[in-house]
Amino acid sequence: MILNVAVIGSGFGGLGTAIRLKDAGIGNFVLFERASDLGGTWRDNTYPGCRCDVASDLYSFSFEPNPRWSNTFSYQPEIWAYLQDVAAKNDLRKLIKFNHDVTDVSFDSPSKLWILTTSQGVFQARNVVLAAGGLAEARMPDIEGIDSFAGPIMHTARWDESVGLAGKRVGVIGTGASAIQTVPQIAPVVASLEVFQRTPSWILPHLGHQVSERSKRLFSAMPLAQKLVRSLGYWRRELMVLGFVKDPSKMTKGETLAREHLARQVHDSQLRERMTPHYRLGCKRVLISNDYYPAFSRENVALVTEPIERIERWGIRTTDGALHEFDLLIAATGFYVTDNPACEMVHGAKGEKLVEAFRGDMANYKGTMFPDFPNLFMLGGPNTALGHSSIIFMHESQLNYIVKAVKVALERDARIEPTIDAARKWTEELQQKLPGSVWGTGCSSWYLNAHGKNTTIWPDFTFKFRQETRHFDPKDHEISV
Ligand code: NAP
């Protein structure tokens, strides 16, 4: 059977796609999921303390509000449960092919079909929505000797519950969003904890709090009230674009707040200095936490800023010659983003790989379509991630366009791809906004590809992206029947 649409992934992106396809009356589609359950990154990241740093009313589908979030910024179990509920309510499970690891997606020009090779057979589809997630492939650190370590090494996104922490000497590599959430949680359990920091992060106070039963009742009885809260949060975040994109010098206000937060929580001036970033706030992802800095006032927690030289059988050797001995290493070292393996496996009409789009060598159209990749749509494609707001908003914008394009493709049995001119125009105009933004102020981050080009972040207000993706514009596409 030839599928109308093959959706790859069953996280926020895949489930959102399924709901929107159903709403549009498009049937005969399947979600391919490599794991045995749905949920994507919110299924995989089970490390202690895992939590979303975007408020839950915004970090959820606009068409599936949840009036019962227990915290304004939810923890992973609740977000995963939300996705399970959304899937149940919309009867999506039966559309998901679990344990189907997609290993190759290639366009066959003569038949105008995409051929998907999976761990459980080959499938054909007229359209493909790649919703494999930008933060799905855990990146282990590229440190000499990593394979020689005698104990376990766990990546935060591949947490193994069976590895006990109690009484262990633990080393954490990295001080990004994942590390700062897990360090305070595991510190009281382990015998000792050393945190290896390569670059300090800017950390702002966390404003999350429990949601009262009264608010939950109000949101259940009057969905408009929750919509209003969501809207206020949305516009407050949009204001940040003024600093992030238009005038990065405005970020100094935030830097002052972050420095004050650090000063309040870390009283040792030397430690404070080592934890103070020396790049513009926002250049790397801005973090929020109230319990990360205080973890370092515990006797059993230490910060290591001496660079790592190599990993040895018994621990980590730093460049000052010291050997830091451990029973367990935790790699909080992020993900393959600009070199996402999900894009390595996709081959277009001329055989080229989709990953070139992130290497900066290929133009893209609205972060969603690519010339020579007909009828293939990518959620979270180039320059659609955000430093200031919710990726779900961006997904929903992309889906407005995707559903319309898929409808045209199916109704006319057409091969659709953006014209090279439209794709170049989009890509070039977008790239012109980046050098003057906060991400161009000079720091290394996972927003940049190997050539230092930002192929990750959307450099504008998100409502502009919403406008851009509202319609399917035939004149920007080659439509061949
Ligand atoms: P990350 O932000 O990429 O941080 C990786 C950390 O590991 C950095 O501190 C990095 O140092 C360090 N590192 C990497 N390789 C290293 C090496 N070879 N030697 C020493 N240090 C090394 O990864 P993450 O913390 O997993 O977060 C990734 C993204 O996931 C976040 O930015 C966010 O978008 C998402 N996330 C979100 C939440 C949330 O609350 N919503 C929670 C977790 C993750 P450098 O800075 O020097 O490169």
Side-chain angles (χ1 to χ4, degrees), residues 11-12 40-42 44-56 58-60 71-76 78-80 133-146 153-159 171-185 194-204 206-208 275 277-279 282-289 292 303-311 316-319 324 329-340 380 384-392 394 439 443-448 456-458:
F12 262 103
T41 200
W42 295 105
D44 291 343
N45 281 265
T46 58
Y47 62 83
C50 181
R51 186 180 190 185
C52 186
D53 56 14
V54 179
S56 295
L58 193 57
Y59 195 91
S60 46
N71 198 292
T72 49
F73 291 72
S74 299
Y75 286 86
Q76 174 267 341
E78 204 170 344
I79 302 173
W80 191 26
L135 302 172
E137 298 293 337
R139 183 193 286 277
M140 290 301 280
D142 185 15
I143 299 174
E144 187 194 325
I146 189 162
I153 307 184
M154 268 198 294
H155 191 282
T156 41
R158 301 286 178 269
W159 197 261
V172 171
I173 304 171
T175 52
S178 303
I180 71 150
Q181 291 180 341
T182 209
V183 161
Q185 297 297 313
E194 289 184 69
V195 181
F196 290 81
Q197 171 190 284
R198 193 164 63 179
T199 318
S201 297
W202 282 109
I203 303 178
L204 288 168
H206 201 305
L207 303 177
M275 291 180 138
H278 295 286
Y279 54 87
C283 188
K284 284 173 177 288
R285 191 173 168 95
V286 182
L287 309 184
I288 48 175
S289 174
Y292 175 67
L303 184 77
V304 182
T305 47
E306 204 64 44
I308 296 172
E309 188 167 285
R310 59 179 180 272
I311 296 178
I316 294 181
R317 179 84 60 185
T318 42
T319 51
H324 304 254
L329 287 180
I330 295 172
T333 44
F335 300 87
Y336 290 95
V337 182
T338 57
D339 42 6
N340 189 339
T384 60
L386 299 173
H388 74 285
S389 191
S390 169
I391 187 70
I392 316 301
M394 298 297 274
W439 306 289
C443 71
S444 73
S445 78
W446 57 264
Y447 300 152
L448 309 179
T456 309
I457 289 278
W458 167 248

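As the structure lists them, so they are numbered: ligands from 1, and atoms in each ligand from 1. We number each residue from 1, following the sequence as shown.
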Spatial distance of atom NE2 (H206) from atom CZ (R51) [nearest 0.5 Å]: 3.5 Å

Evaluate the criterion side-chain contact (heavy atoms from CB on, under 4.5 Å) for residue pair R198 and F196; output intermediate values, then yes/no. CA-CA 7 Å; R198 193 164 63 179; F196 290 81; over 6 Å; no

Kindly give the heavy-atom pair with the smallest separation between I173 and T333, and that separation in Å. O-CG2, 3.7 Å

Looking only at distances, please establish whether an N/O atom of ligand 1 is found under 3.5 Å from an N/O atom of S444. no

Distance from atom 37 (C) of ligand 1 to nearest protein heavy atom, with residue and atom: A177 CB, 4.1 Å

CA sep, side-chain torsions, deciding dist, call: T199, Y279, side-chain contact (heavy atoms from CB on, under 4.5 Å): CA-CA 10 Å; T199 318; Y279 54 87; 3.7 Å; yes

Give me the atom names and distance for the closest heavy-atom approach of A138 to R158. N-NH2, 3.8 Å

Against ligand 1, does Y47 come closer than 4.0 Å with any heavy atom? yes

Quick one: which of A332, A385, A138 has a heavy atom closest to atom 7 (O) of ligand 1? A332

Under 3.5 Å: N/O of D53 near N/O of ligand 1: yes

Please report the interatomic distance CD1(I330) to CD1(I153), rounded to the nearest 0.5 Å. 11.0 Å

Counting heavy atoms under 4.0 Å, the part of F335 that contacts ligand 1 is side chain

Residue, atom name and distance, where the atom is the protein heavy atom closest to atom 23 (O) of ligand 1: G334 CA, 3.1 Å

For T199, take its heavy atoms, then give the atoms of ligand 1 lying under 4.0 Å from any of them. 45 (P), 46 (O), 47 (O)

Is the closest heavy-atom distance from K284 to ligand 1 below 4.0 Å? yes

Taking only heavy atoms of G174, which atoms of ligand 1 are found under 4.0 Å from at least one of them? 6 (C), 7 (O), 9 (O), 12 (C)

Within a strict 4.5 Å, meaning less than it, do heavy atoms of the T456 and W439 side chains meet? no

With a cut-off of 4.0 Å, which atoms of ligand 1 are near a heavy atom of R51? 38 (C), 39 (C), 40 (O), 41 (N), 42 (C)

Run the numbers for me: atoms of ligand 1, each under 4.0 Å from some heavy atom of I173, listed by number. 20 (C), 21 (N)

How close does the nearest protein non-hydrogen atom get to atom 32 (O) of ligand 1, and which residue and atom is it? R285 CD, 2.9 Å

Looking at atom 4 (O) of ligand 1, what's its closest protein heavy atom, distance included? G176 CA, 3.7 Å

For side-chain contact (heavy atoms from CB on, under 4.5 Å), just list the numbers for V195 and Y292, CA-CA rounded to whole Å, side-chain angles, deciding distance to a tenth of an Å, and then say yes or no. CA-CA 11 Å; V195 181; Y292 175 67; 3.9 Å; yes

Testing the 3.5 Å rule here: is there a donor-acceptor pair between the side chains of Y336 and R139? no

Ranked by distance from atom 9 (O) of ligand 1, the top protein heavy atom is T175 N, 2.9 Å

What is the closest protein heavy atom to atom 30 (O) of ligand 1, and at what distance does it sit? L135 CD1, 3.4 Å

Does the residue W446 have a heavy-atom contact with ligand 1, meaning some pair of atoms that are separated by less than 4.0 Å? yes

So how far is it from W202 CH2 to H278 NE2, rounded to the nearest 0.5 Å? 8.0 Å

Quick one, W42 and C50 - any side-chain contact, counting heavy atoms below 4.5 Å? yes

Closest approach of any protein heavy atom to atom 19 (N) of ligand 1, naming residue and atom: R198 NH1, 3.7 Å

Please work out whether any backbone atom (N, CA, C, O) or any side-chain heavy atom from C-beta onward of Y59 is under 4.0 Å from ligand 1, and answer side chain, backbone, both or neither. neither

Tell me the nearest of S178, A331, G387 to atom 25 (O) of ligand 1, using heavy-atom distances. S178

Could you say whether the N/O atoms of I308 and ligand 1 ever approach to under 3.5 Å? no

How does I143 reach ligand 1, by side chain, by backbone, by both or by neither, if only non-hydrogen atoms under 4.0 Å count? side chain

Can you measure from CD1 (I288) to OG (S201) and round to the nearest 0.5 angstrom? 12.5 Å

Would T338 and Y447 count as a side-chain contact (heavy atoms from CB on, under 4.5 Å) if you check the C-alpha gap in whole Å, the side-chain angles of each, and the deciding distance to 0.1 Å? CA-CA 8 Å; T338 57; Y447 300 152; over 6 Å; no

Taking every heavy atom of G49 against every heavy atom of Q181, the minimum-distance pair comes out as O-CB, 3.5 Å

In this structure, CD1 of I146 is separated from CD1 of I311 (nearest 0.5 Å) by 4.0 Å

Report yes if some N/O of T333 lies less than 3.5 Å from some N/O of ligand 1; otherwise report no. no

Counting only heavy atoms, which portion of Q181 has something under 4.0 Å from ligand 1: side chain, backbone, both, or neither? side chain

Does an N or O from T156, backbone or side chain, lie closer than 3.5 Å to an N or O of ligand 1? no

